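One structure below.
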Amino acid sequence: MHIVEDIEIIKNKDGKFGLKNNLKGQTILDPIYDNIEKWEHSDSYYFPSGNDNEPEIPDMFIIVKDNKIGFADENGVTVEPRYDNILTEDFLYQEKLYPAFVAIIDEHYGYIDMYGKPLTQFIYDDVDFPLISPIAHVLNKNGMDEYLSLSSGKTFFSNPTTKDITASISQSHVAMLIEGKRYKVFDKDGNCIADFLNNEKLNSAPIRYLNEKLLMYFAETEVSSGMYKIGLADYSGKVLTDIKYSHIQAITGTTTVLGTNLVGGLNELIDENGKVLLSKMKHTISWDGEDNEGRLIFPLSYWLENDDPTD
C-alpha cells in the first residue's frame with residue numbers, strides 16, 4: 001500500500017523547491033525556493049497544548065531563499081524569508097518546554113514562536129534556549145543582562161552584569177537575589193509580586209517560588225554540591241521555618257506545602273504561616289501525580305510513621 005502525503009515538497013528541473021497539496025492537486029508554493037524542509041517540531045509531542053480545544057500545530061515548513069529563512073504551511077508563506085539562521089535543539093530528552101525557538105538576524109538573536117513568527121526584536125548577543133517558561137534570560141547588544149517575558153513582550157529587569165544575580169526560573173515565575181541585597185519575584189508576564197530586602201536570617205540564601213504565599217530558601221553552602229537544605233519564607237522575607245527540609249513541594253489548589261525532613265525522611269504538611277499541620281507522614285502519595293509545574297495534585301494519601309499500610 002502506498003500512502004500519499006497531503007503536502008509534498010516538489011523540485012523543478014532548475015533545482016528549485018516548492019510545495020504541493022497532493023490531495024487537492026494544487027500547488028501551494030511555486031518552485032522558486034533554494035530549499036524547503038519540514039519543520040519537525042510541528043508534529044512532535046514536546047509541546048502538548050494541554051487543552052483539547054486548542055488546534056493542533058499544522059505542518060510547518062522551513063523555506064530558504066537567497067540565504068534567508070522563512071516559514072510556510074498548507075496555505076502558503078506565513079513568514080517571508082528574513083532570518084539568517086535558526087537554532088534547533090534535540091528535544092528528545094527535554095520535558096515541559098515552552099514552545100519558543102531562536103532565530104538570528106544580522107548576528108543578533110531573538111525568539112520566534114512555533115509558527116516562525118517573531119516574539120521579540122533581534123537585538124541580543126546571547127539568549128537562553130531551550131526554555132521551560134515564557135521567562136527568558138538574555139544579554140542585549142549593549143552588554144545588559146535582561147529578563148523578559150515572551151508572553152507579554154515586557155522586559156522587566158535589566159542589570160549591567162550577570163555575576164550579581166542569583167535567579168531561579170520555574171514554569172511560571174522567576175525568583176532573584178540581586179547583588180546580595182534585594183529579593184524580587186516576578187510572574188510569567190513580568191509583574192513583580194514580591195520585593196523585599198535581604199535580612200540576617202536569610203543571609204543571602206537563594207530562593208525559589210512555591211505558591212502565592214510561600215518561597216523556599218536554600219542553605220547557601222549546600223547549593224553548589226546539589227545537597228539541598230531548605231526552609232520556608234514568606235513574601236515579606238520573613239523566615240517561617242529553619243533549614244530542616246531536604247525537599248519541599250507545593251500542593252495544587254492550596255497555600256500549603258509538603259516538606260520532607262532531613263532527619264528520617266518523613267513528611268510534614270505546612271501552612272502559609274509555617275505552622276506544621278501534620279507530621280510524621282510517610283509514603284505520601286498523590287494518585288494523580290504532579291501538574292505541569294511539579295506541584296502535587298490534591299488530595300494526598302499517606303500513612304503515619306507507626307501505621308501498618310497492610311491494615
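None of the values given here were measured: they were computed from a predicted structure.
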Hydrophobic cluster membership, Phe122 vs Ile104, 4.5 Å side-chain cutoff: yes

Note: Lys154-Asp189 ion pair, threshold 4.0 Å (strictly below): no

Heavy atoms of other groups near Glu212 CD, more than 12 under 6.0 Å: yes

Shared hydrophobic cluster, Met216 / Leu262 (ILVMFWY, side-chain heavy atoms < 4.5 Å): no

Backbone of Lys188 reached by a side-chain donor or acceptor of Ser151 within 3.5 Å: yes

Candidate pair Val185 and Cys192, rule side-chain contact (heavy atoms from CB on, under 4.5 Å), full reasoning: CA-CA 6 Å; Val185 181; Cys192 186; over 6 Å; no

For residues 238-250, tabulate all N or O donor-acceptor pairs below 3.5 Å that involve a side-chain atom, not counting sequence neighbours.
from, atom 1, to, atom 2, distance (Å)
Thr241, OG1, Leu232, N, 2.9
Tyr245, OH, Glu268, OE1, 2.7
Ser246, OG, Thr260, O, 3.4
Gln249, NE2, Glu290, OE2, 3.0
Gln249, NE2, Gly294, O, 2.9

Flag if over 12 foreign heavy atoms under 6.0 Å of OH, Tyr109: no

Backbone N/O of Ala205 and side chain of Asn203: donor-acceptor pair under 3.5 Å: no

Donor-acceptor pair between Asp234 and Ser236 side chains, under 3.5 angstrom: yes

Hphob cluster co-occupancy, Ile297 + Leu258, side-chain heavy atoms under 4.5 angstrom: no

Which residues share a side chain to side chain donor-acceptor pair (under 3.5 Å) with Gln121, sequence neighbours left out: none

Donor-acceptor contact present, side-chain Asn21 to main-chain Gln26, <3.5 Å: no

Residues forming a side chain to side chain donor-acceptor pair (under 3.5 Å) with Thr255, sequence neighbours excluded: Glu272

Presence of salt bridge, Lys117 and Asp113, under 4.0 angstrom: no

Neighbour count >12 (heavy atoms, 6.0 Å) for atom CG, Asp14: yes

Side-chain donor/acceptor of Asp73 to backbone N/O of Asn75, under 3.5 Å: yes

Side chain Thr166, main chain Pro206, donor-acceptor under 3.5 Å: no

Heavy-atom check, side chain of Phe61 versus side chain of Tyr33, under 4.5 Å: no

Under the side chain to side chain donor-acceptor pair (under 3.5 Å) test, residues paired with His173 that sit two or more places apart: none

Within-4.5 Å side-chain heavy-atom neighbours: Ile135 and Phe156: yes

Pairwise salt bridge (charged side-chain N to carboxylate O under 4.0 Å, His left out) hits with a residue in residues 76-86, at least two apart: Lys68-Asp84

Side chain to side chain donor-acceptor pair (under 3.5 Å) partners of residues 190-202, not counting sequence neighbours, each pair once: Arg182-Asp195, Lys184-Asp195, Asp187-Asn191, Asn198-Ser204

Heavy-atom donor-acceptor pair, Thr252 side chain to Phe298 backbone, under 3.5 Å: yes

